[in-house]
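Here's the structure we're looking at; comments come further down.
These numbers come from the heavy atoms of this one structure, side chains and all, not from hydrogens, waters or symmetry mates. Just so we're clear, the structure is a prediction, and the values are computed from it rather than from any experiment. One-based numbering along the sequence shown.
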Amino acid sequence: MLEFIRGRFPDLRIYVAAKDGPIINDATVGDLLEAGFDRFAEVISTGSRLPGTPLEYASEEFRGVFNAADVIIAKGQANFETLSDLRDRRVFFLLKAKCPPIARELGVEGGSLLCVRGGKIDD
């Protein structure tokens, strides 16, 4: 996806954020660099090793990038759990509704693959 976006918009400033160290099965900054993500985007750390992206524990650098972004793609249920209360329409959540409470909150069947804007399925 990043390669496609970079090809279409070569001057676009793109950031990809990850954890500095392992937590559950999240990719780390090192994983992204090893996989070559830095060919298409600037790889930065969230500044936290907590699941999801709780902004109150993120680094100042990450919060600055987050606050200045025009569009934010947040992958995974943990990002939905930690960022959806913002109701920020710049944020597009890509997730699988893995547990009954999240499926119920979004009004979908468990296991559904979703792209949710701003934290609500009807946005």
Side-chain angles (χ1 to χ4, degrees):
M1 182 172 97
L2 288 175
E3 185 175 10
F4 176 81
I5 293 169
R6 174 61 61 221
R8 296 288 172 123
F9 305 97
D11 297 326
L12 188 65
R13 191 135 193 216
I14 301 172
Y15 294 89
V16 176
K19 310 288 187 251
D20 279 328
I23 177 72
I24 309 175
N25 64 349
D26 290 358
T28 65
V29 168
D31 294 333
L32 295 181
L33 293 172
E34 185 178 321
F37 276 65
D38 55 330
R39 292 179 300 152
F40 309 108
E42 186 174 335
V43 177
I44 64 170
S45 170
T46 62
S48 166
R49 287 182 62 183
L50 297 171
T53 311
L55 292 177
E56 61 272 25
Y57 295 103
S59 69
E60 190 174 319
E61 176 195 20
F62 176 82
R63 284 193 311 269
V65 169
F66 185 93
N67 290 330
D70 294 321
V71 173
I72 299 162
I73 299 172
K75 186 195 87 51
Q77 183 175 297
N79 277 322
F80 180 80
E81 291 174 296
T82 56
L83 295 171
S84 63
D85 285 347
L86 298 175
R87 299 292 190 225
D88 187 331
R89 294 189 46 79
R90 298 173 306 145
V91 181
F92 292 82
F93 296 96
L94 302 180
L95 71 142
K96 180 176 185 176
K98 295 180 194 174
C99 67
I102 295 296
R104 194 170 36 255
E105 179 179 342
L106 292 168
V108 299
E109 300 229 0
S112 296
L113 299 174
L114 305 163
C115 178
V116 178
R117 184 177 190 183
K120 291 179 60 182
I121 200 140
D122 59 349
D123 281 354

Worksheet item: After noting the C-alpha distance and the side-chain angles of F66 and T53, does the key distance pass the side chain to side chain contact (heavy atoms under 4.5 Å, CB included) rule?
Response: CA-CA 11 Å; F66 185 93; T53 311; 5.8 Å; no
Worksheet entry | With sequence neighbours excluded, residues passing side chain to side chain donor-acceptor pair (under 3.5 Å) with Y57 | none
Discussion item. Test: salt bridge (charged side-chain N to carboxylate O under 4.0 Å, His left out). Region: residues 62-82. Which pairs qualify, not counting sequence neighbours?
Written reply: none
Worksheet entry | Pair listing, ring pair (Phe, Tyr, Trp, His ring centres under 6.0 Å) test, anchored in residues 76-111, at least two apart | F80-F93
Worksheet item: Going from CG on L95 to OG on S84, what distance comes out if it is rounded to the nearest 0.5 angstrom?
Response: 9.5 Å
Discussion item. Apply side chain to side chain contact (heavy atoms under 4.5 Å, CB included) to residues L83 and L55 and explain how you reach the verdict.
Written reply: CA-CA 8 Å; L83 295 171; L55 292 177; 3.8 Å; yes
Worksheet item: Under 3.5 Å, is there a donor-acceptor pair between the side chain of R49 and the main chain of P22?
Response: yes
Item to complete: Could you tell me whether the side chain of K19 and the main chain of P51 form a donor-acceptor pair under 3.5 Å?
Response: no
Fill in: Atom pair CG (L94) and CD (Q77), whose distance is rounded to the nearest 0.5 Å
13.5 Å
Fill in: Under 3.5 Å: donor-acceptor pair, side chain of R87, backbone of G119
yes
Response to the item:
On a heavy-atom basis, the closest approach of V43 and D38 is CG2-N, 3.9 Å
Worksheet item: Counting heavy atoms not belonging to E56, are there more than 12 under 6.0 Å from its CD?
Response: yes
Worksheet entry | Cluster check I23, V29: I/L/V/M/F/W/Y, side chain < 4.5 angstrom | no
